[in-house]
Amino acid sequence: MSEFDFDLFVIGAGSGGVRAARMAAAAGMRVAVAEDRYMGGTCVNVGCVPKKLFVYASSYREAFEDAEAYGWKGQVDARFEWPTLRDNNAMEITRLNGIYRNLLGSAGVQVIDGRAKLSGRQQVSVGDTTYSAERVLVATGGWPFVPDIPGSEHAITSNEVFSLEVFPRRILVVGGGYIAVEFAGIFAGLGAETHLSYRRELFLRGFDNDVRRFVRDEVGKKQVKLHFSHEVQSIEKQADGTLKVHGVDGSVLDVDAVLYATGRKPNTHGLGLEKLGVVLHKDGTIGVDDNFRSSVTSIYALGDVTGGPELTPVALAEAMALVKHWQTGKTAEIDYNNIPTAVFSQPNIGTVGLTEEEARQAGIPVVVYKSDFRAMRHSVSGRDERTLMKLIVDGSNDKVMGAHMVGPDAGEIIQGIAVAMKAGATKSVFDQTIGIHPTAAEEFVTMRTPVAD
Ligand SMILES: Cc1cc2nc3c(=O)[nH]c(=O)nc-3n(C[C@H](O)[C@H](O)[C@H](O)COP(=O)(O)OP(=O)(O)OC[C@H]3O[C@@H](n4cnc5c(N)ncnc54)[C@H](O)[C@@H]3O)c2cc1C
Ligand SMILES: NC(=O)c1ccc[n+]([C@@H]2O[C@H](COP(=O)([O-])OP(=O)(O)OC[C@H]3O[C@@H](n4cnc5c(N)ncnc54)[C@H](O)[C@@H]3O)[C@@H](O)[C@H]2O)c1
């Protein structure tokens, strides 16, 4: 009989924690997981899932408008009801919470509701109870970061945005990353006067520059008012509850809500990590080795709290790699190259591999293929929306090093391209592949003429 209550104690039932707990239990380990907020973590409750549902909701306005040209009359005056979306979303999330709890239960994982902290190198306390475990896995994710400016207490974050009492008729979104661009699209689509403030000259840093410029133009067409090189100095609440936002440049914006999407900080506060000697990076994320082990041998960590790519599939892959490592004793196998990702902006961004700038910086003799076109749907609807596709090819060996798309369903399309790139596909393999007609995706296998240098 083991001297420990559990073989594994997981702190946090989010994407990574749930997957690790279930896999470890399936491998025969005695597992507990503590969760103090919501089953399924950020992705299920205040992230990927509700975000995507809200993106769907916001896409109907244009669909109604476009339908006219296809013979459907009477939809343009449709009225949007925020409480219906908000409450149906909440119901769906509650359903998913139940599914996650059941999945853990049926895998034989003991679920402990409450805030956990490490009280020893192999001890976890939840409330008044202390459990011992051979291994502890910290999968506590992150929390929105809001810069400390006067009036920041009036701002909301992605944690609150899905459950607002009243729909904001005018909203300012602050930030230039995934969340800011996604929510600017959501609120514009739902009919709010939408502003986006970004402190530098162009948002979506790290994405291919053509993609960034293209998204700027497309998002601009969708009535999002872009304020680049703009910094919020303070937020002032008015007697009527509205907000006056003062810019460093002296500008003033009157809105009903300010949504901060300025990055996330790891949830390490109050866990007792430092006291036990767990080494944290400067930004508070937990330092781990290739096997997700922290500087204390019994304590492991994965997912957002370790500061890698903050994506659900990455947390899931890490969880599976870690449990496999425990089972086999072999080094955890995980490939962080060519992780595909999508921004659910409108239109979507889908991207995998190197940007043109990264490829050039790496000294690769770059050959670029690019296509910019109006999707077939809009030849009849007349909507001025364009699609961009771009391939980055290594001229020395013909390998496709990067694929980027801005357009409807870009995430769906790029997933398949990511498989091809993982298999080492060359441009000539793309060329030999027969397209599916008529689709936008076929453009990826029909681009023949490189962009002139
Ligand atoms: C608005 C938004 C949209 C997103 N959209 C996408 C997307 O479209 N695609 C994508 O791939 N990723 C998306 N992400 C990122 C994704 O949600 C995260 O990368 C993912 O959830 C990380 O999983 P995790 O297991 O590391 O942490 P989390 O899912 O954050 O789980 C951590 C869990 O630990 C719990 N916890 C924390 N401290 C304690 C404690 N002391 N005791 C007990 N429990 C604790 C928390 O309550 C939480 O449930 C989005 C994120 C946000 C905020
Ligand atoms: N579709 C998806 O897969 C998806 C969607 C949402 C979030 N996520 C994940 O969640 C993470 C967090 O999202 P995010 O958008 O909050 O972060 P982000 O890191 O993508 O973007 C943060 C933005 O805030 C800006 N910023 C930072 N500090 C600031 C300050 N003091 N003042 C003004 N601006 C400031 C940054 O310049 C940047 O543009 C992302 O990195 C991503 O990995 C993924």
Side-chain angles (χ1 to χ4, degrees), residues 9-21 33-52 54-55 97 100 112-118 124-127 137-149 152 157-159 161-162 173-183 186 196-200 202-207 230-232 248 259-273 285 301-316 318-319 339-345 348-351 411:
F9 196 109
V10 181
I11 306 182
S15 305
V18 167
R19 182 59 64 91
V33 58
E35 170 57 51
D36 78 328
R37 218 175 150 80
Y38 28 45
M39 276 293 144
T42 303
C43 184
V44 169
N45 292 275
V46 288
C48 338
V49 174
K51 182 271 309 290
K52 191 84 188 275
F54 276 55
V55 169
N97 295 147
Y100 272 82
I112 298 165
D113 293 301
R115 190 157 191 79
K117 64 172 200 292
L118 282 136
V124 179
S125 301
V126 183
L137 173 62
V138 182
T140 49
W143 199 252
F145 156 75
V146 179
D148 186 18
I149 54 148
S152 61
T157 69
S158 53
N159 279 356
V161 72
F162 299 108
V173 181
V174 184
Y178 281 79
I179 298 180
V181 178
E182 291 179 338
F183 277 94
I186 288 172
L196 184 147
S197 155
Y198 178 55
R199 56 188 175 172
R200 298 206 174 87
L202 186 59
F203 54 15
L204 293 168
R205 211 143 73 100
F207 287 81
H230 175 270
E231 235 176 289
V232 176
V248 170
L259 170 66
Y260 262 81
T262 41
R264 294 168 64 81
K265 292 269 181 254
N267 261 332
T268 43
H269 187 69
L271 277 176
L273 292 166
T285 54
L302 54 72
D304 283 6
V305 77
T306 57
E310 293 172 37
L311 298 169
T312 278
V314 172
L316 299 179
E318 290 178 345
I339 295 173
T341 168
V343 182
F344 297 96
S345 48
N348 291 181
I349 304 169
T351 177

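Remember, it's 1-based here, ligands and their atoms both numbered in the order they're listed.
When Ala116, Gly308, Ala342 are ranked by how near their heavy atoms come to atom 41 (N) of ligand 1, first place goes to Ala116. Closest heavy-atom approach to atom 5 (N) of ligand 1 among the candidates His269, Lys51, Arg37: Lys51. The heavy atom nearest to atom 37 (C) of ligand 1, out of those in Ile112, Val49, Thr140, is found in Thr140. Nearest to atom 32 (C) of ligand 1 by heavy atom, out of Ala20, Ala301, Pro266, Ala139, is Ala139. Among Leu302, Thr312, Ile11, the residue whose heavy atom lies closest to atom 16 (C) of ligand 1 is Thr312.
Heavy atoms of Ile179 found under 4.0 angstrom from ligand 1 belong exclusively to the side chain. The proximity of Phe344 to ligand 1, defined as any non-hydrogen pair under 4.0 Å, is limited to the side chain. Residue contacts with ligand 2 for Val232 are absent, since no atom lies close enough (heavy atoms, distance under 4.0 Å). Proximity of Lys117 to ligand 1, defined as any heavy-atom pair under 4.0 Å, is not found for any part of the residue. Within the 4.0 Å heavy-atom criterion, the part of Lys51 lying near ligand 2 is the side chain and not the backbone. When heavy-atom distances to ligand 2 are checked against a 4.0 Å cut-off, Arg199 comes that close only through its side chain, counted from C-beta outward. With a 4.0 Å heavy-atom cut-off, ligand 2 is reached by no atom of Arg205. Here Thr341 has no heavy atoms under 4.0 Å from ligand 1, in either its backbone or its side chain. With a 4.0 Å heavy-atom cut-off, ligand 1 is reached by the backbone of Val46 but not by any atom from C-beta on. Contacts with ligand 2 closer than 4.0 Å are made by no heavy atom of Phe203, backbone or side chain. Contacts between Ala261 and ligand 2, counted as non-hydrogen atom pairs separated by less than 4.0 Å, involve the backbone only.
Inclusion of Val305 in the set of residues having an N or O under 3.5 Å from an N or O of ligand 1 is not warranted. Residue contacts with ligand 1: Glu35 is placed with a nitrogen or oxygen under 3.5 Å of a nitrogen or oxygen of the ligand (distance criterion only). Residue Leu311 places at least one N or O, backbone or side chain, under 3.5 Å from an N or O of ligand 1. Annotation: Arg264 places no N or O atom under 3.5 Å from an N or O atom of ligand 1; distance criterion only. The N/O atoms of Ser158, backbone and side chain alike, include none that comes under 3.5 Å of an N/O atom in ligand 1. The N/O atoms of Glu182, backbone and side chain alike, include none that comes under 3.5 Å of an N/O atom in ligand 1.
For the pair Val174 and Leu259, the minimum side-chain heavy-atom distance is 4.5 Å or more. The shortest distance between side-chain heavy atoms of Arg264 and Trp143 does not fall below 4.5 Å.
For atom 44 (C) of ligand 2, the closest non-hydrogen atom on the protein side is Tyr178 CD2, 3.5 Å. At the top of the distance list for atom 15 (O) of ligand 2, counting protein heavy atoms only, stands Ile179 N, 2.9 Å. If you check which protein heavy atom lies closest to atom 31 (N) of ligand 2, you get Pro147 CG, 3.4 Å. The closest protein non-hydrogen atom to atom 1 (N) of ligand 2 is Ala342 O, 2.7 Å. Of all protein heavy atoms, the one lying nearest to atom 34 (N) of ligand 2 is Thr262 CG2, 3.3 Å. Ranking the protein heavy atoms by distance from atom 3 (O) of ligand 2 puts Leu311 CD2, 3.3 Å first. From the protein, the heavy atom lying nearest to atom 43 (O) of ligand 2 is Glu310 O, 2.8 Å. From the protein, the heavy atom lying nearest to atom 19 (O) of ligand 2 is Gly263 CA, 4.3 Å.
Residue contacts with ligand 1: Met39 is excluded, as none of its non-hydrogen atoms falls under 4.0 Å. At least one heavy atom of Gly114 sits less than 4.0 Å from an atom of ligand 1.
Using a 3.5 Å distance cut-off with no hydrogens or angles, the side chains of Asn97 and Asn45 do pair a donor with an acceptor.
At least one donor-acceptor pair closer than 3.5 Å links the side chain of Thr140 to the backbone N or O of Asn267. A distance-only check finds a donor-acceptor pair linking the side chain of Glu182 to the backbone of Phe344 [under 3.5 Å]. Between the Thr262 side chain and the Phe145 main chain, a donor and an acceptor come within less than 3.5 Å of each other.
Taking the six-membered ring where the residue is Trp, the centroids of Phe183 and Tyr178 are separated by 6.0 Å or more.
Shown in contact with Gly12 at under 4.0 Å from a heavy atom are these atoms of ligand 1, numbered in order with element: 33 (C), 34 (O), 35 (C), 44 (N). Per-residue contacts place Gly16 under 4.0 angstrom from the following atoms of ligand 1 (heavy atoms of the residue considered): 25 (O). The atoms of ligand 1 that sit less than 4.0 Å from any heavy atom of Pro313 are 11 (O).
Interatomic distance, SG of Cys43 versus CG of Leu316, reported as 8.0 Å (0.5 Å rounding).
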